Protein chains: 2
Amino acid sequence: MQKPTIKYVAKEANVSIATVSRILNNGVGYSEKTKKLVLETIQQMGYSPNAIARGLINKQSNTIGVLMPEISGLVSADILQGIEKAAHSQGQSVIVCNTAPFGNQTMDYLKLLQEKQVDGLLFTSQFLTTEHSTYIKQMDVPAITISAYSNDKTIPAVRVDDEQAAYDAVQYLIKRGHRHIGMISGSPDDPLAGSPRINGYKKALYDHHIEYDDSKIAWRYGFYFEDGREACSTLLQKHPNLTAIFAASDELASGAIAACYESGLSIPKDLSLVGYDGTKLSKMTHPALTTVSQHFVEMGETAVNLLLKPIQDTKYRSGAIIQHQIIERASVRTIN
Amino acid sequence: MQKPTIKYVAKEANVSIATVSRILNNGVGYSEKTKKLVLETIQQMGYSPNAIARGLINKQSNTIGVLMPEISGLVSADILQGIEKAAHSQGQSVIVCNTAPFGNQTMDYLKLLQEKQVDGLLFTSQFLTTEHSTYIKQMDVPAITISAYSNDKTIPAVRVDDEQAAYDAVQYLIKRGHRHIGMISGSPDDPLAGSPRINGYKKALYDHHIEYDDSKIAWRYGFYFEDGREACSTLLQKHPNLTAIFAASDELASGAIAACYESGLSIPKDLSLVGYDGTKLSKMTHPALTTVSQHFVEMGETAVNLLLKPIQDTKYRSGAIIQHQIIERASVRTIN
DNA sequence: TTGAAAGCGCTACCAC
DNA sequence: GTGGTAGCGCTTTCAA
């Protein structure tokens, strides 16, 4: 049995396909009577319009493509959630693409999404090369980055002010009496989540007249648990007198917690700790992490809105900065 | 500037569109010379085929739809990762749909995906009603459930044998000398992740001649941190002599850990704990959780393969059971 | 208020 | 080997 098409519906209802089409698209130009008749026929035949055929004519797919490394990360998953929500509420579907950090996976996906005629592109937590942005330009679809880094500044970016957020985190510690503050970080060469946070850390120290010491930053290439554990353990060995550590991700912080348990340090009694991201992990550790929360779901939503709405407001031409927020929990102690 | 179409490429290269099409689709019926010429023209014009037009003819979208509640959950995210990986390697794109547990969100998405002519449907962690499965049948696309529950047994299911897995977890505790074992669980009315695990718990006790006591199961509707914390605290109050608890999810277990800290209990010294799921959370808690690992990424991959491959092997007609595995970490102590 | 028909970009059939 | 063309299911003029 063939699936019914508009043609078939028209025949059954004894009207033209044009009329059916009009009714389907809420246009005008038909009597209530025919409308009722057609709608009934559709119902009865179980007709479902073919979005592909529609797309061919309308030149739009009502689909946006999302490119992200590691879908299953706490951060990515939250962003994706926000994206899907906002997209769906605006009649768009979301195609997810899991890009590998190496190779030209991203280019391959870009080509694929171009063929699929996506109406927009979202890049999450990714470094956008010039090759990428050049290709996007040629694709002629709107694109927005989320927590990503691009050389091409004409692509709007939705992000948190990482430097300021890190600054706030460190200042938070300073205000609670800490002066021996270490940092666990991603790579200083990472322009995305590495250097900005390191800079914020440095700046906060500087502004509060605390001497900066290179060796008080322990960095790894990743932002994961194991990275945090190793980095923290290294840091503690080098600087046993640290009273606080700022970790550039909640996962790093959770690793730091593990390292502290291993070396018999109690948090926050012996060492205070501030995380970063505000993922659900941060409330599940023990002690619960005081952390800098990024509103990932909101970031995803904002990005979609910026992508889909014709950019009338020049204010958002270059994207949006989402406010971060320090969530106080139990991992920081105040020194008198 | 219009985007170049196949027609335009044909004109530029002085061949027919039929020839271009053949070359594009790796068919036969053209000389090496024309192939080279056409490919060069394509390259030079920056032509990209239109998958929508293709789809209209081929009656396929090379897209599969994934429906899941809560994209951002640890479990869902892992499954999605596996799905995307396997789908992409088979030339399929993935549309994610975040279904709310209430309302008829799922039906709406189903209709949408039907219009988009998806080639397959994947249901994750969801309860499939008869209305759903009836609609799917009528859509005439293959569908598979992953860690889901459906009344319609003709829909292949990819899952872990939850009862057996829970059984193994509890038996693991029993073999380590525990006899006072409580359970923190989802709702007994939840046929998906509730009752099977509870049954496994009961059965293990029974098989090892340990009396079953209803009140040693504390359940909540959710499987989250707060649920676990509350449930554990309730349980501990009622049964202070428990030496072990089996939690029906890692998040529940992490909540249980928090509850233990609050009541001054040390894990595993005072209380042993086994989690469920094997999410990345389980290695980030302190102590690291001994847990029953479900291979979520593999489950996603398997589901896609089953969905896309014509089902030649009757063995998989009804789906696949993915092996679970107990990962031993630091949350269980052996009683002598 | 309605219908006929062109055409979106492509594939596949048939003819040469 | 190659080209002409019907037609996938739909929207949208243009006429009636």
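None of the values given here were measured: they were computed from a predicted structure. Here is the naming used below: chain letters follow the sequence lines, and residue numbers restart at 1 for every chain. Both backbone and side-chain heavy atoms feed into the values below; hydrogens, waters and symmetry mates do not.
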*When rounded to the nearest 0.5 angstrom, what distance separates OG1 in B/Thr302 from CZ in B/Arg159?*
13.5 Å
*Can you measure from CZ (B/Phe223) to OG (B/Ser125) and round to the nearest 0.5 angstrom?*
10.0 Å
*Which pairs count as salt bridge (Lys or Arg N to Asp or Glu O under 4.0 Å) when at least one residue sits in residues 19-36 of chain B, sequence neighbours excluded?*
B/Lys36-B/Glu40
_Quick check on D/dT11: is either OP1 or OP2 less than 4.0 Å from any side-chain nitrogen or oxygen of A/Arg54?_
yes
*Distance in angstrom units between B/Leu56 CG and C/dT11 C1', rounded*: 10 Å
*asked:* Using the side-chain heavy atoms of A/Ile17, tell me which of these nucleotides is nearest: C/dC10, D/dT11, D/dG9.
replied: D/dT11
*asked:* Taking the nucleotide of DNA chain C with the nearest heavy atom to each, does B/Asn58 or A/Glu32 sit closer to the 5' end?
replied: A/Glu32
*Taking CD1 from B/Ile52 and C1' from C/dT11, how many angstroms apart are they, rounded to a whole number?*
16 Å
*Could you state the atom-to-atom distance from NZ of B/Lys7 to P of C/dT11 in whole Å?*
15 Å
*Residues B/Asn305, B/Gln90; criterion side-chain hydrogen bond (donor to acceptor under 3.5 Å, both in side chains); working and verdict*: CA-CA 9 Å; B/Asn305 293 336; B/Gln90 305 198 33; 2.5 Å; yes
*To the side chain of B/Arg22, which of C/dC14, C/dC10, D/dC10 is closest?*
C/dC14
*Measure from CG on A/Asn14 to C1' on C/dT1 and round the result to the nearest Å.*
16 Å
*If you count the non-hydrogen atoms of other residues, nucleotides and ligands that lie under 6.0 Å from OH in B/Tyr30, is the total more than 12?*
yes
*Let me know, please, whether B/Val28 or A/Ser48 comes out on the 5' side of the other along DNA chain D by nearest nucleotide.*
B/Val28
*Roughly, in whole Å, what's the span from CG in A/Asn50 to P in C/dC8?*
18 Å
*Among D/dC10, D/dC8, C/dG3, find the nucleotide with the atom closest to the side chain of B/Ile57.*
D/dC8
*Can you check the A/Ile6 CD1 to D/dG7 C1' distance for me, whole Å?*
16 Å
*asked:* Looking at A/Asn25, I'd like to know whether one of its side-chain N or O atoms comes within less than 4.0 Å of OP1 or OP2 on D/dT11.
replied: yes
*asked:* With nearest nucleotide decided by heavy atoms, which residue, B/Ala18 or A/Val20, maps closer to the 5′ end of DNA chain D?
replied: B/Ala18
*When you measure from the side chain of A/Thr5, which nucleotide among C/dG9, D/dC10, D/dG3 comes out closest?*
D/dC10
*Taking the side chain of B/Thr19 as its heavy atoms from C-beta onward, which of D/dT2, D/dG9, C/dC10 lies nearest to it?*
D/dT2
*Output yes when at least one side-chain N/O atom of A/Lys59 is less than 4.0 Å from OP1 or OP2 of C/dG9, else no.*
yes
_Please pick, from C/dT11, C/dT2, D/dC10, the nucleotide with the shortest atom-to-atom distance to any side-chain atom of A/Ser31._
C/dT2
*Reckon A/Tyr47 touches a base, only the sugar-phosphate, or nothing at all at heavy-atom distances under 4.0 Å?*
sugar-phosphate
_Integer-rounded Å distance: D/dC10 C1' and A/Gln60 CD_ = 14 Å
*Return the nearest nucleotide to the side chain of A/Thr34; candidates are C/dC10, C/dT2, D/dG9.*
C/dT2
*Between atom NZ in B/Lys35 and atom P in D/dT2, what is the gap in whole Å?*
13 Å
*asked:* Looking at A/Ser16, I'd like to know whether one of its side-chain N or O atoms comes within less than 4.0 Å of OP1 or OP2 on C/dT2.
replied: no
*Just wondering, do B/Ser76 and B/Ile71 contact through their side chains at under 4.5 Å, heavy atoms?*
no
*Does OP1 or OP2 of C/dT11 have a side-chain N or O of B/Ser21 closer than 4.0 Å?*
yes
